[in-house]
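Everything numeric here is computed off the predicted structure, so don't read it as measured data. Chain letters run A, B, ... following the sequence lines, proteins first, then strands; residues in each count from 1.
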Protein chains: 2
Amino acid sequence: MPSQTRATLLDAAIHLLDAGGLDAVTLREVSHRAGVSHNAPYKHFTDKEALLAAIAAVELQRLGTSLAAIREREPSPAEVLRAAMREYVTWAMTYPARFKLVFGVWTTGTEELAVAANASRTVLIDIVTIAQRAGLLPPGDSDRLTALLQALVHGAVDLALIGHLSPGGKGHASPEDLVDDLLGYLRIATNAESRPVPERL
Amino acid sequence: MPSQTRATLLDAAIHLLDAGGLDAVTLREVSHRAGVSHNAPYKHFTDKEALLAAIAAVELQRLGTSLAAIREREPSPAEVLRAAMREYVTWAMTYPARFKLVFGVWTTGTEELAVAANASRTVLIDIVTIAQRAGLLPPGDSDRLTALLQALVHGAVDLALIGHLSPGGKGHASPEDLVDDLLGYLRIATNAESRPVPERL
DNA sequence: ACCTGAACACCGTTCAAGT
DNA sequence: ACCTGAACACCGTTCAAGT
């Protein structure tokens, strides 16, 4: 039974998160924005971390739903794969604070969070498997290949958010570029594996 | 002139960071451990964030030094590349709180931090360039290829620290595995590019 | 130049009490 | 069941003052 107050609190919290980052999300300011006393949240969440975990779970679920929608909508496996990777990037770059929160350190791993994480992971694995069958990605363990792809997207976004990518000022190596690079190399490797590898020095 | 107190404060802070994470690093506890009053830090750092930035800069510099040492020590370009990637992984997995701190959100990007980041980046680019010449990595923009490699290591470590890798319990897809996978695919792609690519459906 | 004690504003959390 | 006001312990930061 998601009470009205609970939803209002979550709305206020996510607004503060987007506007001022994690530090701006204080239980007192959240309560004030929601129009309740500063300790009303404790009737809906055991903890401040529980409130943050609820936000993270919702966001991770949203991402999973977007990925699933792409899988249904796009026609070709190649487009599904590329669009899925780009959805991850766009989401993270649009809501960096949510991205940092979702993949932050959780001393208490909420069950709800784990479920949402597994759900979006399953969709990704499905997309990768289809791409493998279409000859766009190398064959083999789909879980492991999915981990490879997710690690790259995740790392590219994280480095981009800190400014560790393209410090030269020139629009060098955006997360989207790196995703395309990886997909390109993997496609080449896929096609090469069936052919003999030449001798090396 | 790095005063003795300043060094003691940094030591205490990094100890607290490793022991209890970022939240455990309070200026008051740091001061107490250093044997000074709770506001003595303000004579050595303008801010709490400045103290954290100093730690991050030292760590990033340490990483860069380790990478440079590997480049000098290892004989073959292949070993240098692999060892460098593993050094990044080992450092991050051994000191997760330092890793999170170094690549955390910096509202104030200290000059010292930017210098340290560029230094370790330069070493990495150098290693990648050598590996390219040795035919271990695809030719082309070394900066961009370095970004690809760094993004993968970074993302793999980050996901591993949250537990988003190998949630099945089986020792599936460690960061080291993903690094090896990527290097393997890139080597195949390198050798394949000189040969004709077969028609696709 | 470096350090201290008191003080301020803010935060998470708890508790007794109200409806 | 849900909310409130007062209170507690803790934190970052500032300031006047000491050597």
Side-chain angles (χ1 to χ4, degrees), chain A residues 1-57 97-98 100-101 104-110 112-113, chain B residues 1-57 97-98 100-101 104-110 112-113:
Chain A
M1 297 298 108
S3 77
Q4 180 57 45
T5 307
R6 189 190 138 102
T8 308
L9 286 168
L10 281 176
D11 277 354
I14 207 168
H15 178 266
L16 286 170
L17 181 67
D18 287 339
L22 189 56
D23 288 347
V25 185
T26 70
L27 240 33
R28 291 174 117 97
E29 184 61 24
V30 168
S31 303
H32 185 256
R33 292 230 169 205
V36 292
S37 80
H38 68 278
N39 41 21
Y42 287 95
K43 308 301 164 183
H44 302 273
F45 306 95
T46 67
D47 226 337
K48 180 184 181 180
E49 199 185 15
L51 183 148
L52 295 178
I55 294 179
R98 303 187 195 183
K100 284 281 186 187
L101 174 66
V105 187
W106 295 105
T107 55
T108 311
T110 321
E112 193 186 9
L113 234 180
Chain B
M1 298 298 109
S3 78
Q4 180 57 45
T5 308
R6 188 190 139 102
T8 308
L9 286 169
L10 282 177
D11 277 354
I14 206 168
H15 178 266
L16 287 170
L17 180 67
D18 287 338
L22 189 56
D23 288 346
V25 185
T26 69
L27 240 33
R28 292 174 117 96
E29 183 62 23
V30 168
S31 303
H32 185 254
R33 292 231 169 205
V36 293
S37 80
H38 68 277
N39 41 21
Y42 288 95
K43 307 301 164 183
H44 302 272
F45 306 94
T46 66
D47 225 338
K48 179 183 181 180
E49 199 184 15
L51 183 148
L52 294 178
I55 295 179
R98 304 187 194 184
K100 283 282 186 186
L101 174 67
V105 186
W106 296 105
T107 55
T108 312
T110 321
E112 194 186 9
L113 235 180

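No donor-acceptor pair under 3.5 Å is formed between the side chain of B:Thr110 and the backbone N or O of B:Leu113. Here the side chain of B:Lys48 pairs a donor or acceptor atom with the backbone of B:Val25 at under 3.5 angstrom.
The base of C:dA6 is paired with the side chain of B:His38 by a donor and an acceptor separated by under 3.5 Å.
Taking every side-chain heavy atom of A:His44 into account, D:dC2 is the closest of D:dC2, C:dG12, D:dC11. Of the listed nucleotides (C:dT13, C:dC11, C:dC3), C:dC3 has the atom at the smallest distance from the side chain of B:Ser37. Checking C:dC3, D:dT13, C:dT13 against every side-chain atom of B:Leu27, the shortest atom distance belongs to D:dT13.
Nearer to the 5' terminus of DNA chain D, by closest-nucleotide assignment, is the contact made by B:Glu49 (compared with the other of B:Lys43 and B:Glu49).
For the pair B:Lys48 NZ and C:dC10 P, the interatomic distance rounds to 18 Å; values are reported in whole Å. Remark: C1' of D:dC8 and CG of A:Asn39 are 13 Å apart, rounded to the nearest angstrom. Between the CG atom of A:Asp47 and the C1' atom of C:dC11 there is a distance of 14 Å, given to the nearest Å. In this structure, the CG atom of A:Asp23 is 16 Å from the P atom of D:dC11, given to the nearest Å. Summarising the geometry, the separation between OH on A:Tyr42 and P on C:dC11 is reported as 12 Å, rounded to the nearest angstrom. Across the protein-nucleic acid pair, B:Glu29 atom CD and D:dA9 atom P stand 17 Å apart, rounded to whole Å. For the pair A:Arg28 CZ and C:dT14 P, the interatomic distance rounds to 13 Å; values are reported in whole Å. Whole-Å rounding puts the B:Phe45 CZ to C:dA1 P distance at 18 Å.
A side chain to side chain contact (heavy atoms under 4.5 Å, CB included) with B:Ser31 is found for one member of B:Thr26, B:Thr8, B:Val36 and no other, namely B:Val36.
A stem is defined here as three or more consecutive Watson-Crick or G-U pairs, each with both distances under 3.5 Å; for DNA chain D these stems are C:4-8 with D:12-16, C:12-16 with D:4-8.
For B:Thr5, no side-chain nitrogen or oxygen approaches OP1 or OP2 of C:dC2 to under 4.0 Å.
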